[in-house]
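Working notes, beginning with the structure itself.
In what follows, chains carry the letters A, B, and so on, assigned in the order in which the sequence lines appear, proteins first and then strands, with residues in each chain numbered from 1.
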2 protein chains.
Amino acid sequence: MPKRVDHAERRSQIAEALVRVAGRRGLHAVGMRDVAAEAGVSLRLVQYYFETKEKLLLFGLEHLAERFGERATSRVRAAGDSPGPRAMVEALLMAALPTDEESRTFHFVYTSYAVLAVTDQALAAQPFIKNPDAAEDAVTELLRQAREADLLRPGVDPRLEAAGLLALSAGLGTGILVGQRGPESAAAVLGHHLDRIFHTPGQGRE
Amino acid sequence: MPKRVDHAERRSQIAEALVRVAGRRGLHAVGMRDVAAEAGVSLRLVQYYFETKEKLLLFGLEHLAERFGERATSRVRAAGDSPGPRAMVEALLMAALPTDEESRTFHFVYTSYAVLAVTDQALAAQPFIKNPDAAEDAVTELLRQAREADLLRPGVDPRLEAAGLLALSAGLGTGILVGQRGPESAAAVLGHHLDRIFHTPGQGRE
DNA sequence: ACTTTGATGATACAGCCGTACCAAATCAAT
DNA sequence: ATTGATTTGGTACGGCTGTATCATCAAAGT
């Protein structure tokens with residue numbers, strides 16, 4: 001048979017081009033031609049791999065979520081060989097904050113998707129419930145493990161705190177995005193709440 | 001002289017039409033023709049009061065912020081004749097949560113504006129820094145008053161907690177918006193954090 | 001080597017968008 | 001009644017959008 005090209009990789013390349021241009025000019029302002037130009041291919045090729053724009057956007061969202069997942073796990077691994085629950089939770093939440101350019105793009109484009117998803121059923125279907133729910137489950141589980149290891153202050157409800165931490169991180173993130181708050185300030189607030197939940201290793205009281 | 005019409009009121013009527021249709025179909029999908037139809041006027045009239053779409057959007061944002069301010073103060077007043085700081089803070093934060101249709105529209109359209117503002121300098125200029133900063137100042141001041149009245153648990157930093165509460169409320173709000181979380185769940189998380197900050201009136205411990 | 005199949009490029013089509021222009025009503029106050 | 005602000009209607013222009021059509025080019029297997 002003819003030419004062999006890895007379809008999945010081509011689609012990923014195009015999807016990353018979509019994310020890049022969306023991060024620069026906003027998702028609402030992204031056209032097929034922009035994506036094609038950013039990816040360095042022809043408009044026709046974008047249509048060839050994604051027949052319609054809706055499918056492109058959908059795949060772009062999946063790709064974005066996947067890339068963020070990789071980033072998050074990479075951050076967690078960078079926290080040490082066998083990081084404690086606190087370090088893992090902190091790495092997880094900090095990875096979601098738009099501090100550097102990559103995470104800023106991620107947060108921005110993802111929020112744009114979220115806004116679109118409110119009125120677009122096709123977008124809302126999968127990721128915007130399943131994805132944060134998974135994160136909440138993960139953090140909840142980490143807090144449970146921490147509680148068993150007696151790393152938490154007494155009276156801490158893992159599920160409630162996990163939900164709060166994630167919502168807090170999201171809110172701080174958009175605060176940074178719109179320029180209301182600096183990354184340091186957001187990190188300080190987040191750190192304060194982690195201190196509130198976790199015992200400080202060395203001392204009993206802060 | 002000819003017909004006397006209150007320009008400010010007409011502009012407000014059109015702006016509310018903009019908010020309504022934006023709440024239904026999304027801000028990105030709003031056109032001048034849609035606004036005109038929703039307001040029950042001609043397209044020409046919309047151009048008459050707002051020469052350009054950008055000015056219409058700008059005024060729509062100001063109008064939205066103003067309307068939300070009124071709603072918030074009304075909610076605070078509804079909390080009682082002389083509500084305690086906790087009731088005021090709670091009313092403030094709860095007013096921002098998209099529970100009923102009105103607040104849902106507000107939160108949705110406002111978030112849409114925030115996303116637009118990231119790439120649109122004209123939109124970002126005023127409201128997205130000044131506005132939340134004012135809210136943070138207000139909550140901070142309320143917490144300070146509460147601390148002086150010995151209503152807070154020891155070791156509470158008003159500014160830090162105010163920033164956290166507002167970011168938390170914003171994050172929970174978008175969580176509700178995208179369908180990840182119910183209003184009750186969000187209210188529970190928020191209430192938990194208020195309990196954490198404020199003393200429960202009757203008892204020393206929860 | 002050639003054909004088949006995949007990949008690519010250029011062009012064109014409707015359709016909607018914001019904006020603009022023109023002409024004609026409508027109505028209150030002088 | 002004249003004046004002038006207000007409102008409406010129609011109509012049209014570029015420009016952009018997503019999508020479709022046509023033709024072409026490259027490679028792999030019988």
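- Proximity of residues 7-40 of chain A to DNA chain C (heavy atom under 4.0 angstrom from any strand atom) is restricted to A:His7, A:Arg10, A:Arg33.
- A donor-acceptor contact closer than 3.5 angstrom links the side chains of A:Gln13 and A:Arg10.
- Side-chain contact between B:Val156 and B:Arg147 is absent, with no heavy-atom pair separated by less than 4.5 Å.
- The six-membered or imidazole ring of A:Phe108 lies away from that of A:Tyr113, with a centre-to-centre distance of 6.0 Å or more.
- With A:Phe198 as the aromatic partner, A:Arg153 does not meet the cation-pi criteria of under 6.0 angstrom to the ring centre and within 45 degrees of the ring axis.
- Around the CD atom of B:Glu54, the shell of radius 6.0 Å holds no more than 12 heavy atoms that belong to other residues, nucleotides or ligands.
- Straight-line distance from the NZ atom of B:Lys53 to the C1' atom of D:dC16: 13 Å, rounded to whole Å.
- DNA chain C lies under 4.0 Å from at least one heavy atom of each of the following residues of residues 42-51 of chain A: A:Ser42, A:Arg44, A:Leu45, A:Tyr48, A:Tyr49.
- Salt bridge present: B:Arg181 and A:Glu136 bring a charged side-chain N and a carboxylate O closer than 4.0 Å.
- OP1 and OP2 of C:dG18 both lie 4.0 Å or more from every side-chain N or O belonging to B:Thr52.
- Annotation: side chain of A:Met88 is not in contact with side chain of A:Gln145 (no heavy-atom distance under 4.5 Å).
- Counting heavy atoms from C-beta outward, A:Leu56 and A:Glu51 have side chains that stay 4.5 Å or more apart.
- The nearest whole Å value for the distance from the CG atom in A:Leu56 to the C1' atom in D:dG18 is 12 Å.
- Ring geometry for A:Phe68 against A:Phe106 counts as parallel: the plane angle stays under 30°, on a 0 to 90° scale with 60° as the upper cut.
- Within residues 108-122 of chain A, no residue has a heavy atom under 4.0 Å from DNA chain C.
- For A:Arg144 and A:Asp137, the salt-bridge test fails: no basic side-chain N is under 4.0 Å from an acidic carboxylate O.
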